[in-house]
**Q** 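This is the structure, below, for whatever I ask next.
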Amino acid sequence: MIKKSFLFLFAFLLVFLSTPLSTKAEESSYNLIINGKKFNYNYPPIVQNNAIYVPMYGVLSELGINPQWDKDYRTFRINTKSSVVFFKTDSPIIIKTELNVANFDSEDKIYGPYRDFKREVLTLDFYPISSQDVVYVPLVFLSEYLHLVVAWGENGSISISGGNYKPEDHLKELYSAWDEQFKKIGNSYSNYWFSYNYNDFKSRYYEMSYAPYDLAQYAELGQFLNKDIWLNKTSKFWTDRTLDLPNLTKVKITYVGDGSMLVNDGNYDYTVNTHTLKSMSHGSPLSGFFLRSPFDVFDFPQKAWDAIAAQEVYRGMNYGMVLLSWGDPKHTNVTTGKYGTMSQWVYGDSTYLYFDNGVLSTIQY
């Protein structure tokens with residue numbers, strides 16, 4: 001076997017490089033008044049980064065709002081009277097869709113006659129968080145995105161009112177207005193976006209089945225907005241994306257939108273396509289980055305770092321250097337004899353690396 005102790009340690013260090021740090025929230029003494037009644041709950045409001053957060057399930061249930069949980073992508077959906085909001089705890093990225101006729105995309109796309117209600121991928125300063133297995137939402141989130149009324153009273157009291165939405169009633173009104181405006185120009189044969197009845201309209205435009213997956217991908221990137229991270233260009237994430245920067249370059253993600261993100265190396269913003277996040281073969285978007293500096297974790301000579309940056313290999317490298325430069329091989333073959341262990345790493349159809357006792361000895365193309 002390849003030296004298990006070394007590879008185990010190296011794998012542990014790679015996980016360490018990709019593990020985020022956590023922040024701490026503090027309990028507060030604020031009292032909640034919900035729709036005119038004092039709210040008593042096991043979990044009091046908390047304060048984090050000078051923002052006040054309230055327990056989501058307890059507060060929203062009192063307001064007649066039922067967050068929908070997607071267990072596959074660990075996202076929440078909340079239906080308000082006139083919009084749908086998707087969010088994920090501990091990420092500033094949300095997806096919001098306003099449901100009104102004016103927000104219906106009436107322009108055919110370049111790839112065909114497809115239309116939809118325009119959605120926004122937004123980055124929030126204050127966003128839902130989890131603390132001790134409880135989901136908390138900031139007051140500003142309730143007011144700006146869930147259309148609730150938040151007011152501060154005397155003696156540390158906070159009043160929250162509104163809710164009890166009936167989204168089904170609004171959706172029926174929306175369909176009537178939509179049908180009145182678009183039925184004259186649409187049919188299901190030439191326009192795939194057209195709906196002949198309410199149930200078809202609801203299924204086509206209200207289920208939003210792709211949103212949880214899209215949000216889960218964007219949210220991973222959003223956790224690290226404007227934070228130092230390091231490119232891992234050996235990741236499949238970069239297979240069909242272009243970013244003209246060396247491997248292990250320190251960068252920041254400065255923007256995440258619906259279809260693109262901006263990556264800054266301290267000098268320029270580079271636009272990176274995110275449409276292909278839908279491809280499951282590319283794995284997690286964050287596999288394309290290290291969250292901690294590899295230079296602080298591994299004690300390699302400068303020659304090795306230069307080769308890793310250029311994604312090159314040379315004789316004398318060890319396993320860890322090669323993994324950082326080229327990534328995981330397709331498969332390995334190991335032979336152990338009286339002179340030690342020889343390992344063959346296979347990259348592609350005709351590229352082979354041979355290691356003698358953990359040191360790269362032969363490169364074959």
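Scope of the values below: all heavy atoms of this structure, side chains included, with no hydrogens, waters or symmetry mates. The residues of the chain are indexed from 1 along the displayed sequence.
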**Q** Let me check something: do Ile52 and Leu142 share a hydrophobic cluster, defined by ILVMFWY side-chain heavy atoms less than 4.5 Å apart, either directly or through other members?
**A** yes
**Q** Are the side chains of Tyr365 and Ile363 in touch, meaning some heavy atoms are under 4.5 Å apart?
**A** yes
**Q** How many angstroms lie between atom CG of Leu171 and atom OG of Ser176, to the nearest 0.5 angstrom?
**A** 10.0 Å
**Q** If every non-hydrogen atom of Pro246 is compared with every non-hydrogen atom of Leu231, which pair is closest and at what distance?
**A** O-CD1, 3.7 Å
**Q** Please answer whether the main-chain N or O of Ser287 pairs with a side-chain N or O of Asn232 as donor and acceptor at a distance below 3.5 Å.
**A** yes
**Q** Measuring only between side-chain heavy atoms, which start at C-beta, is Phe298 closer than 4.5 Å to Trp305?
**A** yes
**Q** Honestly, is Arg204 close enough over Tyr206, meaning NZ or CZ under 6.0 Å from the six-membered ring centre and within 45° of the axis?
**A** no
**Q** Answer yes if the ring centres of Phe104 and Tyr205 are under 6.0 angstrom apart, and no otherwise.
**A** yes
**Q** Give every residue pair that meets the side chain to side chain donor-acceptor pair (under 3.5 Å) criterion with at least one member in residues 242-255, sequence neighbours excluded.
**A** Thr254-Asp269
**Q** I'd like to know if the side chain of Ser130 and the backbone of Asp133 have a donor-acceptor N/O pair within less than 3.5 Å.
**A** no
**Q** Can Ser343 and Tyr319 be counted as having a side-chain donor-acceptor contact under 3.5 angstrom?
**A** yes
**Q** Please walk me through it: do Lys118 and Glu98 pass salt bridge (Lys or Arg N to Asp or Glu O under 4.0 Å)?
**A** CA-CA 7 Å; Lys118 298 176 185 177; Glu98 290 288 347; over 6 Å; no
**Q** Near Asn267 CG, under 6.0 Å, is it more than 12 heavy atoms from other residues, nucleotides or ligands?
**A** yes
**Q** Distance-only, no hydrogens or angles: does the Tyr165 side chain make a donor-acceptor pair with backbone N or O of Leu146 under 3.5 Å?
**A** yes
**Q** Tyr354 and Leu360: same hydrophobic cluster, using ILVMFWY side-chain contacts below 4.5 Å?
**A** no
**Q** With a 4.5 Å limit on heavy-atom distance, are the side chains of Leu63 and Ile34 in contact?
**A** yes
**Q** Apply the test side chain to side chain contact (heavy atoms under 4.5 Å, CB included) to residues Phe290 and Asp228: give CA-CA distance (whole Å), side-chain angles for both, the deciding distance (0.1 Å), then the verdict.
**A** CA-CA 9 Å; Phe290 291 123; Asp228 289 339; over 6 Å; no
**Q** Work out which heavy atom in Pro55 is nearest to a heavy atom in Phe39; give both atom names and the distance.
**A** CG-CE2, 4.5 Å
**Q** Between Arg119 and Asp214, is there a salt bridge with N-O shorter than 4.0 Å?
**A** yes
**Q** Do the side chain of Lys88 and the main chain of Tyr73 share a donor and acceptor less than 3.5 angstrom apart?
**A** yes
**Q** Give, for atom OG of Ser61 and atom CG of Asn66, the distance between the pair rounded to the nearest 0.5 Å.
**A** 9.0 Å
**Q** Kindly say whether Asn273 contributes a backbone atom to a donor-acceptor pair with the side chain of Ser260 at under 3.5 angstrom?
**A** no
**Q** Side chains of Leu221 and Ile93: does their closest heavy-atom pair fall under 4.5 Å?
**A** no
**Q** Please evaluate residues Arg74 and Asp70 with respect to the criterion salt bridge (Lys or Arg N to Asp or Glu O under 4.0 Å), reporting the C-alpha separation (whole Å), side-chain torsions for both, the decisive distance (0.1 Å), and the verdict.
**A** CA-CA 5 Å; Arg74 305 184 67 81; Asp70 188 297; over 6 Å; no
**Q** What residue among Tyr53, Phe126, Trp152 forms side chain to side chain contact (heavy atoms under 4.5 Å, CB included) with Leu139?
**A** Trp152
**Q** In Å, rounded to the nearest 0.5 Å, how long is the span from CG of Asn100 to CH2 of Trp178?
**A** 14.5 Å
**Q** Counting N and O atoms only, with roles assigned by atom type, does the side chain of Trp238 sit under 3.5 Å from a partner on the main chain of Gly288, one being a donor and the other an acceptor?
**A** yes
**Q** If you count heavy atoms of other groups shown closer than 6.0 angstrom to CG of Asp169, is the number above 12?
**A** yes
**Q** Using side-chain heavy atoms (C-beta onward) and a distance below 4.5 Å, is Phe76 in contact with Thr89?
**A** yes
**Q** In the single-linkage hydrophobic clustering (I, L, V, M, F, W, Y; side-chain heavy atoms under 4.5 Å), do Leu262 and Val272 co-cluster?
**A** no
**Q** Here's a test for you: under ring pair (Phe, Tyr, Trp, His ring centres under 6.0 Å), which of Phe141, Tyr145, Trp69, Tyr218 qualifies with Phe87?
**A** Phe141
**Q** With Lys96 as the cation and Phe86 as the aromatic partner, state whether NZ or CZ is under 6.0 Å from the six-membered ring centre and within 45° of the axis.
**A** no
**Q** Mind checking whether Leu99 and Phe117 have side chains closer than 4.5 Å, heavy atoms only?
**A** yes
**Q** With side chain to side chain contact (heavy atoms under 4.5 Å, CB included) as the criterion, how do Arg315 and Ser361 come out once you've worked through the C-alpha distance, each side chain's angles and the decisive distance to 0.1 Å?
**A** CA-CA 5 Å; Arg315 289 190 295 273; Ser361 58; 5.5 Å; no
**Q** So do the side chains of Val137 and Pro128 get within less than 4.5 Å of each other, counting heavy atoms only?
**A** yes
**Q** For Ser143 and Val140, indicate whether the former's side chain and the latter's backbone hold a donor-acceptor pair under 3.5 Å.
**A** yes
**Q** After noting the C-alpha distance and the side-chain angles of Leu353 and Thr362, does the key distance pass the side chain to side chain contact (heavy atoms under 4.5 Å, CB included) rule?
**A** CA-CA 6 Å; Leu353 301 182; Thr362 304; over 6 Å; no
**Q** Using 0.5 Å steps for rounding, measure from the CG atom of Leu60 to the CD1 atom of Ile78.
**A** 5.0 Å
**Q** Would you mind checking if Arg292 and Asp296 are paired as a salt bridge, meaning a charged N to carboxylate O distance below 4.0 Å?
**A** no
**Q** Looking at every heavy atom in both Ala307 and Met317, which two are closest together, and how far apart are they?
**A** CB-CE, 3.8 Å
**Q** When you group the ILVMFWY residues by side-chain heavy-atom contacts below 4.5 Å and let the links chain together, are Leu245 and Phe224 in the same group?
**A** yes
**Q** For the backbone of Val359 and the side chain of Asp356, can you confirm whether one donor and one acceptor N or O come within less than 3.5 Å of each other?
**A** no
**Q** Working to the nearest 0.5 Å, report the span between CG of Leu215 and OG of Ser91.
**A** 6.5 Å
**Q** Checking ring pair (Phe, Tyr, Trp, His ring centres under 6.0 Å) against Trp345, which of Tyr352, Trp326, Phe355 comes through?
**A** Phe355
**Q** Can you get from Phe289 to Tyr270 by hopping between Ile, Leu, Val, Met, Phe, Trp and Tyr side chains that sit under 4.5 Å apart?
**A** yes
**Q** Say you draw a straight line from NZ of Lys236 to CG of Asp328; how long is it, rounded to the nearest 0.5 Å?
**A** 9.0 Å
**Q** Counting only N and O atoms by type, is there a donor-acceptor contact under 3.5 Å from the side chain of Asn264 to the main-chain atoms of Gly266?
**A** yes
**Q** State, to 0.1 Å, how close Gly163 and Leu148 come at their nearest heavy-atom pair, and which atoms those are.
**A** N-CD2, 3.3 Å
**Q** Give me the atom names and distance for the closest heavy-atom approach of Asn164 to Gly64.
**A** OD1-CA, 3.6 Å
**Q** For Tyr43, is the OH atom crowded, meaning more than 12 foreign heavy atoms sit under 6.0 Å from it?
**A** no
**Q** If hydrophobic residues (ILVMFWY) are linked whenever their side-chain heavy atoms come closer than 4.5 Å, directly or via other members, who joins Val149 in its cluster?
**A** none
**Q** In terms of side-chain geometry, is the basic nitrogen of Glu168 or Lys202 positioned less than 4.0 Å from the acidic oxygen of its partner?
**A** yes
**Q** Quick one: are Leu225 and Val256 in side-chain contact, heavy atoms under 4.5 Å?
**A** yes
**Q** Compare every heavy atom of Pro294 with every heavy atom of Leu248, then report the nearest pair and how far apart it is.
**A** CD2-CG, 4.0 Å
**Q** Please confirm whether the backbone N or O of Asn79 pairs with a side-chain atom of Ser83, one donor and one acceptor, at under 3.5 Å?
**A** no
